[in-house]
Protein chains: 2
Amino acid sequence: MSHLRYLCDMSVTRDKLIEAAVVALNQDESATIEQIATMAGVTRRTVHRYFNDRNTLVQECKQTMLQVCNLKMTQAYQSSQQPAIQLENMFYAALEVGIQYSFVKKLFKRNQYTNLVNNQERAYDDVKANWFKLVEILQQQGAIDKKLSIPWIYNLFGGMVDIAIEAQQAGDVARNDIKSFSWTSFKGSIGLQ
Amino acid sequence: MSHLRYLCDMSVTRDKLIEAAVVALNQDESATIEQIATMAGVTRRTVHRYFNDRNTLVQECKQTMLQVCNLKMTQAYQSSQQPAIQLENMFYAALEVGIQYSFVKKLFKRNQYTNLVNNQERAYDDVKANWFKLVEILQQQGAIDKKLSIPWIYNLFGGMVDIAIEAQQAGDVARNDIKSFSWTSFKGSIGLQ
DNA sequence: AATAAATGTCACATTTATGAGTCATTTGCG
DNA sequence: CGCAAATGACTCATAAATGTGACATTTATT
């Protein structure tokens with residue numbers, strides 16, 4: 001056990017593969033192993049060495065992404081006591097884990113109410129419940145446009161992250177501007193003071 | 001030639017297949033012919049009767065969707081002389097052809113600058129150019145937040161359509177609310193007075 | 001330089017997707 | 001009803017994607 005991982009350490013490649021798979025699957029949910037391997041800069045055979053089959057890889061992506069998002073979002077939620085600040089920090093957290101967040105969102109969009117309820121998924125429900133509470137409070141205070149429904153605002157929140165990702169991938173919006181642009185736009189879209 | 005098309009008229013089935021393919025491909029760009037057929041409520045064999053191969057079907061989807069979007073967006077652009085009204089009507093037009101618009105957007109996101117430049121694609125460039133002019137005018141007038149860049153606003157415009165589609169598909173936002181919610185939110189997101 | 005780990009290359013079996021032919025059945029119409 | 005168009009059900013051939021094994025090559029560590 002070294003204090004620093006080797007560059008060719010297996011766990012590094014493993015993480016790299018999951019990361020590449022998330023990017024590929026986020027853009028094309030039927031992406032082939034070949035495409036994922038190419039994106040990760042390895043051979044298809046290497047992917048098969050780390051994951052028995054395609055489904056295993058996909059499942060690992062789901063678990064890992066859920067874990068990452070739950071952690072980041074929970075930290076953001078606990079970063080303050082003021083709903084407006086909490087919401088803003090949760091937005092930034094979602095932006096930071098952009099593609100992961102988008103992946104998790106799609107995950108729950110498709111398999112809604114499967115019987116695959118595990119700890120991570122329950123934790124995600126908690127995160128979502130906390131988010132809903134925040135928006136409810138802000139709306140009751142009149143800080144958020146009362147004409148908009150909370151489910152709509154939830155869709156907006158996730159959708160704005162996707163817009164930020166797309167803008168970044170398209171490359172036509174300066175990378176440094178994206179964070180401020182997207183928060184400004186999200187704030188405006190819900191009429192937040 | 002009857003004034004009313006038969007229910008089993010070929011062109012009806014053909015249109016139905018294209019429509020189903022657009023929905024399927026919009027959600028999974030690698031959707032199989034089987035999935036598309038299922039979505040259209042026909043057999044895979046039927047799809048093959050109308051389109052020689054998968055690529056032909058995809059190409060036809062692109063052409064048809066481009067045509068539909070160009071028409072609707074151009075009509076909306078020409079519906080007024082006031083930039084703010086024109087923009088609003090273009091937004092509604094994009095919403096009306098929601099999935100088609102989203103499809104076309106993805107189309108141009110991937111194959112940017114291919115050599116497949118045909119009439120429809122040139123027309124799309126015109127539509128886009130007109131849209132840009134509107135936003136530029138509004139921003140110079142101070143009617144739109146000057147801190148936001150126009151490419152960002154363009155991404156927002158298309159992204160808001162996607163959010164509306166998702167909200168509708170998820171079913172957690174009342175169908176009648178979606179039009180007003182999304183315009184309200186888009187307006188707010190760009191700081192439009 | 002020697003060693004071990006990690007990855008690449010090739011070869012092959014299995015599965016899945018695609019495209020197309022044939023014939024029976026359904027559907028809308030006169 | 002009876003006709004003709006449209007579709008479904010079944011079939012097969014080919015192509016693409018997946019999963020594995022054996023071995024060569026590269027890479028990092030000692």
Side-chain angles (χ1 to χ4, degrees), chain A residues 1-64 103 106-107 110-111, chain B residues 1-65 103 106-107 110-111 116:
Chain A
M1 287 292 175
S2 59
H3 59 296
L4 274 180
R5 289 223 138 88
Y6 306 155
L7 268 179
C8 60
D9 191 327
M10 290 185 68
S11 61
V12 168
T13 303
R14 201 184 158 79
D15 290 350
K16 186 177 68 177
L17 290 179
I18 290 180
E19 184 55 38
V22 168
V23 175
L25 293 171
N26 207 42
Q27 158 174 343
D28 177 2
E29 63 180 282
S30 300
T32 67
I33 299 180
E34 191 90 51
Q35 292 174 291
I36 294 171
T38 301
M39 188 161 290
V42 299
T43 317
R44 185 171 67 87
R45 191 67 191 80
T46 300
V47 176
H48 279 119
R49 282 205 188 86
Y50 287 87
F51 306 95
N52 290 334
D53 54 33
R54 190 180 183 283
N55 192 51
T56 303
L57 171 57
V58 174
Q59 295 305 323
E60 293 244 18
C61 286
K62 291 180 180 177
Q63 283 304 308
T64 307
F103 188 88
K106 283 184 189 168
L107 174 61
R110 307 249 191 275
N111 333 354
Chain B
M1 286 291 179
S2 58
H3 58 299
L4 274 180
R5 291 223 139 89
Y6 306 156
L7 270 179
C8 61
D9 191 327
M10 289 186 67
S11 61
V12 169
T13 303
R14 202 185 158 78
D15 291 350
K16 187 176 67 177
L17 290 180
I18 290 180
E19 183 57 37
V22 169
V23 175
L25 293 171
N26 207 41
Q27 151 173 346
D28 177 3
E29 63 179 284
S30 300
T32 66
I33 298 181
E34 190 91 52
Q35 293 173 289
I36 294 172
T38 302
M39 188 160 290
V42 299
T43 316
R44 185 170 66 87
R45 189 65 190 84
T46 299
V47 177
H48 279 120
R49 283 206 188 83
Y50 287 88
F51 305 95
N52 290 334
D53 54 32
R54 189 180 183 283
N55 192 51
T56 304
L57 171 57
V58 174
Q59 295 305 323
E60 293 243 19
C61 286
K62 290 179 179 176
Q63 283 304 309
T64 307
M65 294 307 101
F103 188 88
K106 284 184 188 167
L107 175 61
R110 309 251 190 272
N111 335 352
L116 297 170

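Each chain gets a letter, A, B and so on, in the order its sequence line appears, and its residues count up from 1. Atom set for the values below is all heavy atoms of this structure, side chains included, hydrogens, waters and symmetry mates excluded.
Rounded to whole angstrom, the span from the CG atom of B/Asn52 across to the P atom of C/dG21 amounts to 10 Å. Atom CD1 of B/Ile33 and atom C1' of C/dA20 are 12 Å apart (whole Å). Rounded to whole Å, the distance from CD on B/Glu34 to P on D/dA16 is 19 Å. Taking atom CD on B/Gln35 and atom P on C/dT16, their separation rounds to 14 Å, with Å as the unit. At whole-Å resolution of the value, CG in A/Leu57 and P in D/dG19 are 10 Å apart. Atom CG of B/Asp53 is separated from atom P of C/dA20 by 7 Å (rounded to the nearest Å).
Rounding to the nearest 0.5 angstrom, the gap separating the CZ atom in B/Arg49 from the CG atom in B/Leu17 is 11.5 Å. With rounding to the nearest 0.5 Å, the separation of CD1 in A/Ile18 from CZ in A/Phe51 is 4.5 Å.
Inter-residue side-chain proximity for B/Val42 and B/Val47 is flagged as met; some heavy-atom pair is nearer than 4.5 Å. The shortest side-chain heavy-atom distance between B/Met65 and B/Val22 falls under the 4.5 Å cut-off. In this structure, the side chains of B/Thr56 and B/Asp53 come closer than 4.5 Å at one or more pairs of heavy atoms. Residues B/Asp15 and B/Glu19 have side chains not in contact (no heavy-atom distance under 4.5 Å, counting atoms from C-beta outward). Annotation: side chain of B/Gln63 is not in contact with side chain of B/Gln59 (no heavy-atom distance under 4.5 Å).
Bending across the helix from C/dA1-D/dT30 to C/dG30-D/dC1, expressed as the angle between its end axes from five pairs apiece, amounts to 40° (10° rounding).
Note on A/Arg45: every side-chain N or O is 4.0 Å or more away from OP1 and OP2 of C/dG8. Distances shown here put a side-chain N or O of A/His48 below 4.0 Å from the OP1 or OP2 atom of D/dG19. A/Thr13 has a side-chain polar atom (N or O) that falls below the 4.0 Å cut-off from OP1 or OP2 of C/dT7. Phosphate contact (OP1/OP2 of D/dG8, side-chain N/O of B/Thr46, threshold under 4.0 Å): present.
Taking 3.5 Å as the limit, the base of C/dG19 and the side chain of B/Arg54 contain no donor-acceptor pair of atoms between them.
Remark: side-chain polar atoms of B/Arg14 are paired, donor with acceptor, to backbone N or O of B/Tyr50 under 3.5 angstrom. Between the side chain of B/Gln35 and the main chain of B/Thr32, a donor-acceptor pair closer than 3.5 Å is present.
Residue contacts shown for A/Thr32 are limited to sugar-phosphate atoms, with no base heavy atom under 4.0 Å away.
DNA chain D is contacted by both B/Lys16 and B/Arg44; B/Lys16 maps to the nucleotide lying nearer its 5′ end (nearest heavy atom per residue).
A salt bridge does not link A/Lys106 to A/Glu29: none of the charged nitrogens lies less than 4.0 Å from a carboxylate oxygen.
The side chain of B/Arg49 approaches C/dC23 more closely than any other nucleotide in the set C/dT18, D/dG19, C/dC23. Of the candidates D/dT18, C/dA20, C/dA6, C/dA6 carries the atom nearest the A/Tyr50 side chain, counting heavy atoms from C-beta on. For B/Val42, counting side-chain heavy atoms from C-beta on, the closest listed nucleotide (D/dG8, C/dG19, C/dA6) is D/dG8.
Heavy-atom distances under 4.0 Å link DNA chain C to no residue of residues 17-28 of chain B.
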